[in-house]
Colleague: 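Below are the structure tokens for one structure; questions will follow.
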There are 2 protein chains.
Amino acid sequence: MKLITRNTDYAVRALCCIAEQKQEVISADQLVKSLKMPRPFLRKILQTLNKEGLLNSSMGKGGGFALAVSPEKITLTDVMEIFQGPTRLNECKFRKSDCPYINDCFLKKKIDEIEKEVIVKLKAITIASIIKKEVNVDDKEVRGL
Amino acid sequence: MKLITRNTDYAVRALCCIAEQKQEVISADQLVKSLKMPRPFLRKILQTLNKEGLLNSSMGKGGGFALAVSPEKITLTDVMEIFQGPTRLNECKFRKSDCPYINDCFLKKKIDEIEKEVIVKLKAITIASIIKKEVNVDDKEVRGL
DNA sequence: ACAAAATGATACAATTGTAGTATCATAATA
DNA sequence: TATTATGATACTACAATTGTATCATTTTGT
Ligand code: FES
Ligand code: FES
């Protein structure tokens, strides 16, 4: 039961780092240095975030990434859904097809309730809220996300 | 983000079916008929539940399974932990080792809070509570779990 | 004693999801 | 036109999930 995959984790860290940036854009290489992640992996994540509209990118020399959306408006669920698909706690599939009792099932109803509450809580977590409460490790260092 | 795997799902359905049983024991074959699951898969699940102490089994002719614990005392987390390991929403591993910012990380704190609440809710779901609210499909038929 | 009916124990296989790597194409700038 | 950046895409490695397949062991009834 893992709520957050590494893709999401890395993406959130990257988004925080970009959001804190004073410069207009920050390149993948700079982010690699700050975040200490494998470069190709981070690049793929950045490309995905760009495609999904959370980042703007500029190509060529002096290029890089910037937030396309204000940090207050990027929620944890946004990022999770990009990298992990729809936020569903229980699909109740039965050999690829939906379970036939899906409408009567009390367990399903209970899980769905929990799911709703979890999503509300996850939505309340934004890039902005993460940055604000952040502990400064060192001004030029990686942050505790 | 799947909270419940099929193992857990099947196990819960089986436990419900066993709990509802009037007979002393119910065999794997009978359960297969009621629950319409692949027999070898269900058998493995039943063996696991037995080893973990949720079921008692009797071998030989006329043998089968019965609950070892009252339905009120079997929680969804019990079953989940058997089949899915410890209930943790965010391990924050960084290439096998713990993330170095695990103690400062605000996101981690938030996720941990959510995790605690989810676990409380999952613990509140018991086999008994599932059975009570159950919809009768047909007396001899599979239940909507 | 023996066959039948049940579970116990294990080993194996298929599929999917996660976590990455590697390569080449394309665009912007100086 | 060389350099520095991202874009696109294909590939690999590993782990978890989702099963299947066999054979051994125990109990019961005849
Ligand atoms: S068993 Fe399928 S919805 Fe509950
Ligand atoms: S980034 Fe590791 S605990 Fe948050």
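Residue numbering restarts at 1 for every chain, and letters A, B, ... go by the order of the sequence lines.
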Colleague: Using atom CD1 of B:I45 as one end and atom P of C:dG8 as the other, report the distance to the nearest whole Å.
Modeller: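 In whole Å, C:dG8 P and B:I45 CD1 are 14 Å from each other.
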
Colleague: Measure from the side-chain heavy atoms of A:F65 and tell me the nearest of D:dA8, D:dG7, D:dT25.
Modeller: D:dG7

Colleague: Which whole-number value in Å describes the distance from B:I4 CD1 to D:dT17 P?
Modeller: 13 Å

Colleague: Report the distance from atom CG of B:L31 to atom CE of B:M37, rounding to the nearest 0.5 Å.
Modeller: 8.0 Å

Colleague: How long is the line joining CE of B:M80 and P of D:dT17, in whole Å?
Modeller: 11 Å

Colleague: Taking 4.0 Å as the cut-off, does a side-chain nitrogen or oxygen of B:N50 come that near to OP1 or OP2 on C:dG8?
Modeller: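 For C:dG8, OP1/OP2 do have a side-chain N/O of B:N50 under 4.0 Å.
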
Colleague: When you measure from the side chain of B:S57, which nucleotide among C:dG8, C:dT21, C:dT26 comes out closest?
Modeller: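 Comparing C:dG8, C:dT21, C:dT26 against the side chain of B:S57, the answer is C:dG8.
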
Colleague: Given D:dG19, C:dA9, D:dT17, which nucleotide is nearest the side-chain atoms of B:Q47?
Modeller: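 The closest nucleotide is C:dA9.
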
Colleague: Report the nucleotide, chosen from D:dT4, D:dT27, C:dT7, that has the shortest atom-to-atom distance to any side-chain atom of B:K61.
Modeller: D:dT27

Colleague: State plainly whether the residues A:K108 and A:D112 are in salt-bridge range, i.e. N to O under 4.0 Å.
Modeller: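 Yes, this pair counts.
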
Colleague: To the closest 0.5 Å, what do you measure between CG (B:L15) and CD1 (B:I131)?
Modeller: 9.0 Å

Colleague: What does B:G63 touch in the nucleic acid at a heavy-atom separation under 4.0 angstrom: a base, only the sugar-phosphate, or nothing?
Modeller: sugar-phosphate

Colleague: The side chain of B:T5 is closest to which nucleotide in this list: D:dT17, D:dT6, C:dA19?
Modeller: D:dT17

Colleague: If only side-chain N and O atoms of A:Y10 are considered, is one of them under 4.0 Å from the OP1 or OP2 phosphate oxygen of C:dG20?
Modeller: yes

Colleague: Starting from the 5' end of DNA chain C, give me the residue, A:S58 or A:R39, whose nearest nucleotide shows up first.
Modeller: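 This one resolves to A:R39.
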
Colleague: Count I, L, V, M, F, W, Y as connected when their side-chain heavy atoms are under 4.5 Å apart, and connections chain through other members. Are B:V25 and B:L46 then in the same cluster?
Modeller: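 Hydrophobic grouping puts B:V25 apart from B:L46.
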
Colleague: Confirm from the modelled atom types if A:R43 and D:dG7 form a donor-acceptor pair under 3.5 Å, side chain to base only.
Modeller: yes

Colleague: Take atom CG of A:L55 and atom P of D:dG7, then tell me their distance rounded to the nearest Å.
Modeller: 9 Å

Colleague: Rounded to whole angstroms, how far apart are CE on B:M59 and C1' on D:dC23?
Modeller: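 Computing the B:M59:CE to D:dC23:C1' distance gives 12 Å.
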
Colleague: In whole angstroms, how far is the P atom of C:dT7 from the CG atom of B:D29?
Modeller: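 About 7 Å, once rounded to whole Å.
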
Colleague: Expressed as a whole number of angstroms, how long is the span from A:K36:NZ to C:dG20:C1'?
Modeller: 20 Å

Colleague: Could you state the CG-C1' distance from A:L42 to C:dT21, rounded to the nearest angstrom?
Modeller: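 From A:L42 CG to C:dT21 C1': 14 Å.
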
Colleague: State which of D:dT20, D:dA5, C:dG20 makes the closest approach to the side chain of A:S27.
Modeller: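 Nearest nucleotide to the side chain: D:dA5.
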
Colleague: Nearest 0.5 Å please: distance from the CD atom of B:E20 over to the CG atom of B:L67.
Modeller: 10.5 Å

Colleague: Would you call A:E113 and B:K121 a salt bridge, using N to O less than 4.0 angstrom?
Modeller: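 Salt bridge absent between A:E113 and B:K121.
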
Colleague: Between B:F41 and A:G60, which residue's closest nucleotide on DNA chain D lies nearer the 5′ terminus?
Modeller: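 The residue whose closest nucleotide sits nearer the 5' end is A:G60.
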
Colleague: Taking any heavy-atom pair under 4.0 Å as a contact, classify A:K44: base, sugar-phosphate, or nothing.
Modeller: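 Base contact.
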
